[in-house]
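Quick notes on the structure that follows.
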Amino acid sequence: MSDKKKLSAIEGIKTASDGLRGTINESLKDEITGAIREDDKALIKFHGMYEQDDRDRREERAEKKLDRLYTFMIRLRLPGGFISPEKWIAAHHIAGENSTGVIKITTRQTIQLHGLLKSNIRPTIQAFAEAKLDSIATCGDINRNVTCASHPKQSSLHAQIFAFADKISELLMPKTKAYYEIWLDEEKIADKKEEEDPLYLQHYLPRKFKIGIAIPPNNEVDVLTNDLGLIAIIDNGQLKGFNVAIGGGMSTTHGNPETYARLATVIGFVDTEEKILKTVYEIVTVQREFGNRSDRKLARLKYTVDRMGVDEFKNELEKRTGFTLEAPRPYVFNQRSDYFGWQQGENGLWYYTVFVENGRVLDDEKLALKTALLEVAKTGKSNFLFTANQNVIISDVTENDKTVIQTILKKFKIIEHTEAASAIRKNAMACVALPTCPLALAEAQRYMPSLISKIEPLLLQHGIADEEIIIRMTGCPNGCARPYAAEIAFVGTAPGRYNLQLGGDHQGQRLNKLYKESLDEAAILQELDGLFASFKKEKITNEKFGDFVMRKEIV
Amino acid sequence: MLGENKFKILLDLVNAATKDELIWMNGYLNGIVQNHTARPQPAVAATQQANKITILYGTETGNSKRLATDFASRAKQQNIHARVIGMDQYRLADLQKEEILLAVVSTHGEGEPPIAAKKFYDYIHNNGFKLDKLKYGVLALGDTSYPLFCKTGEDVDGQLKKLGGRRIATLQKCDIEYEEEAGSWFNNVLQSLSLQNIEQPVVELITAAPKKTGKQIYEGTVLTNINLNDRGSKKHTYHIEISADAVAYQCGDSVGIVPENPTAEVEAIIATANADGNKKLLFKNETVSIYDLLKHKINIIHLTERLVKQYAETVQQEIPAARMNLLDLLKIYPVKDTAQFEDIICKMNAVSPRLYTIASSPAAHPGEVHIVAVKDKYAVNGEEKFGLCSNFLSALEENSTQHFFIQPNKRFRLPAENRDIIMVGPGTGIAAFRSFLAERDVTGATGRNWLFFGEQHFVSDFLYQTEIQSWYETGVLTRVNLAFSRDQKQKIYVQHKMQEHAAELYSWLQGGASFFICGKKDPMSYDVEKALLQIIMQQGNKSNEEAKHYLEQLELDGRYEKDVY
Ligand code: SRM
Ligand SMILES: Cc1cc2nc3c(=O)[nH]c(=O)nc-3n(C[C@H](O)[C@H](O)[C@H](O)COP(=O)(O)OP(=O)(O)OC[C@H]3O[C@@H](n4cnc5c(N)ncnc54)[C@H](O)[C@@H]3O)c2cc1C
Ligand SMILES: Cc1cc2nc3c(=O)[nH]c(=O)nc-3n(C[C@H](O)[C@H](O)[C@H](O)COP(=O)(O)O)c2cc1C
Ligand code: SF4
């Protein structure tokens, strides 16, 4: 039963926050600092923002007697990663005016802008609102952006399944009107009853809560790394329902043995939409009541599940839903990569998956990706879908419009760029890390590209350049690029040093293990060189690198 | 020939007189006799004239005005009606009609008249007229730390003489500690006015050698020099810390620094004139090499029109009247030979010191002076140039030696420790208030402190942000209001922030707070004063006149002080 230990500070802040309002308005008025008040830092997360500061600039600014360069990161709510061309154009311009200009596609299929000054938050959110975009509940102790298998090629039922992402997102939205009052200057609601929240009550969830939906055989959403995973069960062209998996999560903490990464446990199957939504809703209420509210390190659903035991949890859930879960249905995952280049969906429409290294959409000397996507959006002839691998799909293009899009992609060398990217690079992910992430211990997205460039020659040299190996890097053990579910992972421990994790499977159904601790680049390359050599020599046909490492008990 | 009584009086007078007095009386009577023969005048008339005088002042920072008004009130006590008027307000046509004129004028720039005196100064210098009715006296304010000490006063005095005016008091030059000398000078003026007949020349009466305030030159060591502006800023504002043994100053004072000339410019000059840099010359009875002369002693940039004229005469060429750099002169109007070149540079002005408001506090930073200097930028036909001294300061290296003097500013002082203060100091105006706040912090002053600061951008230009933040957190600063002009579409300045908090601000004033402005004179200090007047009008529902009077009273009580430039 829920922990009686002293509640963590954030619990108090949430409950006292008057529907997540806190003193945010006052904080915005403080002229003397670019930061907001301590408690409000926790609250604006629920509004989709994080206070950050440019860590590269701390020392230099301190010298100049300037305070830290506080800025805010804002994360949009885009269930399933879908965005219309109009919205993309809006995001493009807002990013240009108020933020660093870089649009970051996240590992959960949405986009982030970095570097908003306190004074720019309101204008930014208002501009987003005009474009019918919002950032509600994309952070904080609440249900996050719902991910969903992104590529319609996978199934004619994609649209139908995709709709669940939206429905679930709506179902689990907080009821408070604070977001509209604070950022969009809407009238204060007179009767607080209007925003009574039967799901989140006063204190919301013990911790963030993540939901993902996968359509076998592709598991590119890494469904089992979510607190709650739904696996679509399709039987001769019909969506039968979903297998329900609970208790996934990546994060660990260096030196805290109580923390661990965990893949979700499949606990059963549900069919009708009503039952599915009910099940989702009640899993959240179980976590709300049984989750640990005194130690945030142990507050995620994965720990609740293990503390209660899967069966106990299931009983509690069924008590609440009033129906029992059916036995899980069989399903097969056989890959986790995006389908790059042009693909035709069963609906007859065309889809071009653009390779976006670490999800960073910008124009640089090498590639004018940002402008290219703007040009595409301006034609109004396609939508956009962000993938959980930090790439973007130019989607729903009719046969006739394909050439128009093709010319733009050619003109801006997007096709060249996507085709030129090696297999290893296409399967790589890195989190944001420095300079904005306050938790980063080491570089990630700024460093991964150059490391890959040093790994590519090794693969070539061993004649395994075409191997699809899932390789990921994070700047700390929180695991934002889902490193523990990768075949090769680098988890930052200190500047320039990474734990080397090996042996995850290719489909995301087995976690990797720690191979060597705190390696620098030279050591990393030396290790990989050796591993690739023996892999080339001793692999059995079609054996994936991750499986090989396990079979050989290298870890 | 004298009647008995008269003769008795004379005898009494003579017997009672000392030797000197007798000599004086002798000369005095002489004078009278001469004048009687020159132009007989009824004593009565003279007395009437002595009852009406005009006191003109030409001021930049207000000292001359202060003196002029003070003189006027003292004259009134002697039943002499004095009309006080600024040279910029003065109807120049009236000059010929003036009978008794006193001029109090300071010198600024490089020995130039204050802007407000320029019109008058130029007018009397194109001598198209005679002033033979005029009797006058000039009091010159200046500062011995400037090479052309009281130049404007000298010029005015000399020029009025040229035009036929007659002195009723010799020129008195005053250093920055001028009160005493100015006082006794005016006593003498009054004395000569009160004499039955002011026709006689009182010249010999007063011997006027300026009492030097003798400033101490400190040899300091540069401790730090940091550009306070962050990347991406349009400004370059340097925080410079200089240590010097036993340096003595008060919050509100400034430092004076004499800049070095840019080496490139110096070498270019030597090359153009193909002179020998090592050759020694005699400059102001001191032998220095040509190189050192150009590098350290004389001003070679933006020469005054007077010097350009002087150059033109030496090289005997037509040069339009405008300020120019020496190098350009040499290029466009070459010298005949090196001898001529040497002759020219020896006649140049010494480099003027520049003043920088001290940003440190004696109590908080013993043995140090801090300044905050913004790199002065201007364009000469499209090309960006930097101010001589600010650019020189920006390149000061740590541990290098830097000489400076302290420029006291009696009219910019912290009030009693328990008094509230309102400080308006955008840009480098923050200097004085960093000094005030640091002082009040360490001395634990109990008065409340309210700061208005402004700059272009919050992110890159918030000078001393972390210090201001901690003063605010620790309660040293009661209120802080900030105006960052370019962080939004419409410009916001400190005066707008004052308006925003008008009620509170006025209540502070009513509660006895002192109001300080530091920083750029134009337009900042004018706009702030305008805003202040409006606030006084609105909040105190006063008429424009009443508000003005309210402010004047504050000024008289030393509760409205400015350090603006
Ligand atoms: C942007 C993103 C990484 C990326 O490069 O795409 C990201 C970025 C951050 N994550 Fe994450 N996380 C992102 C996906 C993840 C994932 C992957 C996933 O969800 O599929 C995980 C692992 C799965 C999980 O939750 O277990 C993840 C686990 C964390 C954690 C550890 C949570 C825990 O259980 O302890 C933290 C730290 C925390 O919450 O205390 C964290 C915190 C953060 C913060 C907000 C740092 C902070 O708390 O101040 C990072 C912001 C960096 C920046 O400057 O943008 N992020 N974060 C991903 C945004 C996803 C989204 O759109 O919502
Ligand atoms: C009481 C007092 C306090 C002060 N406090 C401060 C302070 O705290 N901080 C601070 O930064 N400043 C302060 N100042 C201003 C400072 O003294 C200097 O005036 C300022 O630094 C500019 O001097 P400079 O030698 O850099 O520029 P200068 O070389 O003197 O040039 C000044 C201006 O003259 C013109 N000029 C010069 N050369 C040329 C040329 N060749 N062609 C055309 N035009 C030219 C330009 O308009 C230029 O902007 C203060 C001034 C006073 C009187
Ligand atoms: C920028 C500046 C330049 C000055 N230049 C001279 C100068 O060349 N010669 C001089 O004798 N005094 C100079 N002074 C000193 C002033 O004349 C002196 O401070 C005087 O008291 C000012 O009187 P005012 O307030 O009536 O203008 C200068 C002062 C300043 C601030
Ligand atoms: S993994 Fe760590 S370093 Fe990377 S973004 Fe997440 S919290 Fe930051």
Side-chain angles (χ1 to χ4, degrees), chain A residues 23 25-41 51-73 93-94 96-102 113-127 130 183 185 435-436, chain B residues 224-233 235-241 359 370 372 398 430-431 434 438 450-455 457-474 476-490 492 494 496-497 500-501:
Chain A
T23 55
N25 274 322
E26 291 70 14
S27 277
L28 293 173
K29 288 199 200 83
D30 294 338
E31 290 176 348
I32 196 169
T33 169
I36 58 174
R37 301 175 187 185
E38 215 44 46
D39 291 2
D40 295 331
K41 294 188 193 342
E51 179 183 293
Q52 308 183 314
D53 79 284
D54 188 333
R55 293 172 61 184
D56 290 351
R57 306 294 325 287
R58 283 182 187 176
E59 234 173 285
E60 188 185 349
R61 284 180 60 92
E63 261 246 315
K64 294 171 170 291
K65 300 177 187 289
L66 288 166
D67 196 0
R68 287 178 177 181
L69 181 44
Y70 289 107
T71 60
F72 294 79
M73 176 267 279
H93 293 306
I94 294 166
E97 275 171 29
N98 296 350
S99 80
T100 58
V102 178
L113 304 187
H114 290 92
L116 296 179
L117 294 178
K118 188 164 78 174
S119 52
N120 280 340
I121 300 177
R122 252 182 232 256
T124 302
I125 293 184
Q126 288 170 1
E130 275 169 38
W183 311 109
D185 306 321
T436 51
Chain B
T224 30
N225 183 0
I226 35 175
N227 175 4
L228 294 173
N229 299 99
D230 200 6
R231 302 177 190 177
S233 172
K235 302 270 192 98
H236 298 82
T237 315
Y238 297 86
H239 167 77
I240 300 170
E241 302 183 354
H370 301 175
V372 51
E398 297 184 0
I430 192 65
R434 183 178 182 260
W450 185 352
L451 175 69
F452 289 90
F453 174 76
E455 252 297 352
H457 298 289
F458 173 82
V459 166
S460 56
D461 307 328
F462 191 167
L463 307 181
Y464 301 107
Q465 178 181 25
T466 49
E467 294 185 1
I468 290 169
Q469 285 175 331
S470 64
W471 279 321
Y472 185 64
E473 281 151 17
T474 56
V476 174
L477 268 170
T478 317
R479 300 180 66 116
V480 181
N481 290 102
L482 305 166
F484 293 97
S485 56
R486 305 191 183 188
D487 280 345
Q488 59 286 309
K489 296 201 175 43
Q490 77 292 5
I492 298 178
V494 278
H496 303 117
K497 287 292 176 174
E500 251 177 56
H501 303 275

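Naming: A, B, ... by sequence-line order, numbering from 1 per chain.
- Nearest heavy atom pair, residue A/K65 against residue B/L228, reads CD-CD2, 4.2 Å.
- Of the atoms belonging to A/R68, not a single heavy atom falls under 4.5 Å from chain B.
- The minimum heavy-atom distance linking A/L66 with B/F462 is given by the pair CD2-O, 3.4 Å.
- The shortest heavy-atom contact between A/D67 and B/Q465 is N-OE1, 2.8 Å.
- In this structure, A/K64 does not pair ionically with B/D230, as no charged nitrogen and carboxylate oxygen lie closer than 4.0 Å.
- A distance of 9.0 Å separates OH in B/Y472 from CD in A/E31, rounded to the nearest 0.5 Å.
- Top candidate by heavy-atom pairs under 4.5 Å with chain A, chosen from B/R231, B/Q488, B/H239, is B/R231.
- With a 4.5 angstrom heavy-atom cutoff, A/T71 does not touch chain B via any of its atoms.
- A distance of 10.5 Å separates CD in B/Q469 from CG in A/D30, rounded to the nearest 0.5 Å.
- Put simply, of B/L463, B/N227, B/I468, the one with the most heavy-atom pairs under 4.5 Å next to chain A is B/N227.
- Here the shortest heavy-atom pairing between A/I32 and B/V480 reads CD1-CG2, 4.2 Å.
- With a 4.5 Å cut-off on non-hydrogen atoms, A/L69 touches chain B through its side chain but not through its backbone.
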